[in-house]
Amino acid sequence: NVLAKIAATPGLSRFVLGIDDTWQTCECDDCRRPLVLPNGTALPASDPAFKSTQWYQFVAPVIDQVYQRLGLQVKVYAYFYTAVPPKIKLPDNLCALICPVPKNEKKAMFAQSSQGPFGQDWSRRILDFKAVAKHNMIREYYGCTGAAPRAQEYVAAQDLRFLLDSGITEFTSEVPVDRVDQRFNPMPSAYWDASALTFWTITRLWWNPKQDVDELRRHFLQRTYRAAAPAMTEYHDLLRDLWLQHPAGASYMDSNQKFTKTHIIETGQEQRCRDLLAAAEKLADH
């Protein structure tokens with residue numbers, strides 16, 4: 001089926017073969033039978049890498065045939081249970097599209113909590129994938145909560161520095177923020193209203209993640225707000241500190257309402273935020 005699908009779509013250089021958005025898998029006795037690894041050892045269903053290894057064993061022969069017949073690269077989502085590095089070596093033309101989710105969005109990949117839903121050490125997983133896959137990409141989720149002004153550029157800088165130092169040089173976004181897509185409310189293209197500072201800064205970091213994040217922010221704020229820049233800088237710095245320093249974890253599914261309630265209203269900073277915006281409006285040269 002895969003070969004027929006590719007043959008009907010000429011001009012491809014690579015394509016994606018992956019699981020859907022679910023943890024559900026078959027639990028019958030046959031599907032939970034221990035897997036025999038290439039070295040002859042058995043991998044029981046209780047092993048954390050069982051489902052992942054099972055999936056990659058299933059698709060590896062297909063991916064090999066795609067390369068032998070058509071010479072194409074196949075991207076496979078390392079996502080949900082397939083985000084666990086498998087116990088087998090993967091085909092050379094397989095590109096693991098690593099999806100670091102769930103992740104505490106306030107922390108870098110290598111600084112995740114060991115408690116609760118954010119307990120995965122994504123830096124370890126990424127390095128373990130490099131040991132079994134020749135090609136690896138990162139699918140990042142920074143844009144998913146663009147309706148809330150979360151200062152993710154500080155986290156993105158740490159993530160990008162780690163990834164480039166680890167030899168990962170390809171990235172793709174779950175939510176490209178210039179896209180007009182009716183499936184989102186608000187649409188990603190509206191995220192610039194709340195998060196232009198963050199997205200512009202991250203865009204600059206793609207070119208060189210070793211730049212000074214504070215300096216990039218200052219440049220954006222001065223060029224954007226001009227006479228009102230001092231008040232807007234204080235406003236955005238306050239939002240940054242309220243978010244990054246609050247002990248509550250943050251996920252890629254956070255809403256702007258949750259952000260506002262947890263980090264502004266419940267911390268007693270609503271009036272301060274309003275005052276800074278009012279001050280900026282008075283300073284602005286219209």
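We're numbering straight along the sequence, starting at 1. All values reported here derive from a predicted model rather than from experimental measurement.
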Next item on the list: Verify whether the ring centers belonging to W206 and F171 lie closer than 6.0 Å.
Entry: yes

Notebook entry, point to check: What residues, two or more places apart in sequence or in another chain, satisfy side-chain hydrogen bond (donor to acceptor under 3.5 Å, both in side chains) together with T145?
Noted result: R150

Notebook entry, point to check: For T267, what residues pass the side-chain contact (heavy atoms from CB on, under 4.5 Å) criterion, not counting sequence neighbours?
Noted result: L242, H246, Q269

Margin query: List the residues meeting ring pair (Phe, Tyr, Trp, His ring centres under 6.0 Å) with Y252, not counting sequence neighbours, and say none if there are none.
Written below: Y141

Note to self: Y77: which residues meet the ring pair (Phe, Tyr, Trp, His ring centres under 6.0 Å) condition with it, sequence neighbours left out?
What the structure shows: none

Item checked: Residues which pass ring pair (Phe, Tyr, Trp, His ring centres under 6.0 Å) with Y67, listed by chain and number, not counting sequence neighbours -> none

Next item on the list: Using side-chain contact (heavy atoms from CB on, under 4.5 Å) as the criterion, list what pairs up with A284, not counting sequence neighbours.
Entry: A228, H286

Next item on the list: Kindly write out the residues that satisfy side-chain hydrogen bond (donor to acceptor under 3.5 Å, both in side chains) with D47, not counting sequence neighbours, or none if the list is empty.
Entry: none

Next item on the list: Check ring pair (Phe, Tyr, Trp, His ring centres under 6.0 Å) between Y79 and all other residues, then give those that pass, not counting sequence neighbours.
Entry: none

Checklist line | Which residues share a side-chain contact (heavy atoms from CB on, under 4.5 Å) with V175, sequence neighbours left out | finding: C144, F184, P188, Y191

Item checked: Contact list for residues 230-240, test salt bridge (Lys or Arg N to Asp or Glu O under 4.0 Å), sequence neighbours left out -> D214-R240, R217-D237, E234-R272, D237-R240

Next item on the list: With rounding to the nearest 0.5 Å, note down the distance linking CG in L94 to CG in D64.
Entry: 9.5 Å

Notebook entry, point to check: Members other than V180 in its cluster, when Ile, Leu, Val, Met, Phe, Trp, Tyr link by side-chain heavy atoms under 4.5 Å?
Noted result: M187

Check: Which pairs pass ring-ring contact (aromatic ring centres under 6.0 Å, His included) with one or both residues in residues 209-235, sequence neighbours excluded?
Finding: W200-H219, W200-F220

